[in-house]
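In what follows, chains carry the letters A, B, and so on, assigned in the order in which the sequence lines appear, proteins first and then strands, with residues in each chain numbered from 1. Only heavy atoms go into these numbers, but all of them, side chains included; no hydrogens, no water, no symmetry mates.
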Amino acid sequence: MKFWTELYTARFGQISLWILLLTASYLVLETHLQYQYLPKGDNLSILGYLLPASFWDSLLVLPLGKTVFFLSALCWALLPVWAKKISLSEDKIAQIAIISAWVCVFGYFFVACTYWENLPWIRHKFVLPFWLLTLNALWYQFYGGQIVGALKRNEFLKVEIYPGWVYGASVFFISVFYTFSGVSKMMAAPDWASGLSLQLWTIAYGDQSSPVARLILEDRMYARILQTSVLSLESLSFLAIFFAPLRVLIAIGLFAFHCAVDMVFSIKIPFESQKILLLLYFLPWFRIKKKQTTTDQNQSISEV
Amino acid sequence: MMKKQILIVSCLCASYVLISPWVKELYPFSMATMFAFPLKRLYIYDARNAKGMVVGERWFYSTSDNLFDPPPMTLGRTGYGRRETNKLCTFDQEPPYAKKVSEQELKDFVLERLKEEPELGYVSVSQNLIEPVESDPKHLDPVWSKTIKMENPYYRGK
């Protein structure tokens, strides 16, 4: 927990924010209203309960949400560029940065709600970017003034203005998301990993030319081993919160799982966004930087 | 200052952990229920014309991933944001999850589809049940098949 309360240099924070914004933009581009002609079903989002059902029949809601998201994301992402160039006071720039961050979070939330309310299925990959964007917006909320000040002084990458809780809570959300996925399978059926359902899914939607699909259909025992591995991996993902070395193994395992799903099923479920977030937050980029900083400090001390 | 930040972030984390299991799926809260319901059996459908060519590939199966994403059943809900009403293969809420369709239901369904296919004079529809059998614990094959041949009453071809 001590890690959460410490401050670090902003290099990882800013790069991860850019990658996160690109990932969210990729997901927002994927949204559509292709199934809006179907009768409205149940509410799948918080906004679904707050707004009338007729609201989701409008053709304008999604383009509007997308426009708000992209404009605010651009403003937020390019802050290190424009903050140095315009002549507003630091407080004003910080205010604009904080507002653009929160508008971006709400824009993403609105687009994702609109998409879920207009789909005859669920797209879980839209969940994590919302929480991660919210954490980054909170970073700007609390440190906006210091971020802008550091940018103005050309010291953005040198001063410690990135709180550990942004990274720690990001790992927390990703880990819990996967753990919930494992838990929901165990809660649905104790014999979930029997191998039978994986064989049936593969018959229904599998790409029969895939070697993994052939392996699954060859013997139920192979399917059982694969399902048990996935269930164990997902359910134990929460360990990544507490043990950094395990985080890398869990990331590799979950990455391989997403690749295997891509290979087995002919109905393509693009998991690129999940793969990017796993590699971004679970591989030790952040720790490497921290060690480098410590080494730099030690060198400076020895020089002194 | 840091205490306040940690408190807010902890509340955010706690809300996700506590609310998601309760609501299952209510964006942005989610239990990530993809692939959660394990099928015990599967019905496979196939429609072919007089020349044996597959027609109506998208007649039977929902374009949604119903078999992948179980519909949310909390807060009095039974489905998704939009309802697909013209598909045969829907999702049972109880095991074995794949809904059994009677011959009459299948005929009525195909007749509705044929209304939209006036160029198609004849169709042969097969329904296959795939489920495990004790004699073969390794593989899955159709254990039951039925084929229905139907003339198209809406046929307007030559």
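Residue contact with chain B, scored on non-hydrogen atoms closer than 4.5 Å, is absent for Met186(A). Using a 4.5 Å cut-off between heavy atoms, Phe126(A) contacts chain B through both its backbone and its side chain. For chain B, the nearby part of Asn43(A) is the backbone; its heavy atoms alone come within less than 4.5 Å. Using a 4.5 Å cut-off between heavy atoms, Thr134(A) touches chain B through its side chain atoms alone. Of the atoms belonging to Leu217(A), it is backbone heavy atoms, and not side-chain ones, that fall under 4.5 Å from chain B. Residue Leu135(A) touches chain B through its side chain alone, counting heavy-atom pairs closer than 4.5 Å. Only the backbone of Leu119(A) comes within contact range of chain B, with heavy atoms under 4.5 Å apart. Contacts of Tyr37(A) with chain B are absent, with no heavy-atom separation under 4.5 Å from either backbone or side chain. Of the atoms belonging to Leu47(A), not a single heavy atom falls under 4.5 Å from chain B. Residue Met2(B) touches chain A through its side chain alone, counting heavy-atom pairs closer than 4.5 Å.
No side-chain donor from either of His139(B) and Gln199(A) sits under 3.5 Å from a side-chain acceptor of the other.
Looking only at side-chain heavy atoms (C-beta outward), Ile46(A) and Phe29(B) come within less than 4.5 Å of each other. Contact annotation: the side chain of Leu196(A) never approaches that of Pro38(B) to less than 4.5 Å [non-hydrogen atoms, C-beta and beyond]. Residues Ile8(B) and Phe142(A) meet the side-chain proximity criterion, which asks for heavy atoms closer than 4.5 Å. A heavy-atom distance below 4.5 Å is found between the side chains of Ile122(A) and Tyr80(B). Gln5(B) has its side chain out of reach of Leu138(A): every pair of non-hydrogen atoms, C-beta onward, lies at least 4.5 Å apart. Taking the side chain as every heavy atom from C-beta outward, Asp42(A) and Thr78(B) approach each other to under 4.5 Å.
Between Asp136(B) and Arg220(A) no salt bridge is recorded (no basic side-chain N to carboxylate O distance below 4.0 Å).
Under the ring pair (Phe, Tyr, Trp, His ring centres under 6.0 Å) rule, Tyr16(B) has a single partner from Phe172(A), Phe130(A), Trp131(A), Phe177(A), which is Trp131(A).
Heavy-atom pairs under 4.5 Å with chain B peak, among Tyr143(A), Tyr115(A), Tyr222(A), Tyr178(A), at Tyr143(A). Between chain B and the residues Met221(A), Gln227(A), Lys40(A), the most heavy-atom pairs under 4.5 angstrom are made by Lys40(A).
In this pair, Phe35(B) and Trp201(A) present their aromatic rings perpendicular. The plane angle is above 60°, beyond the 30 to 60° band.
Counting heavy atoms of neighbouring residues, nucleotides and ligands inside a 6.0 Å radius, atom CH2 of Trp22(B) does not exceed 12 of them.
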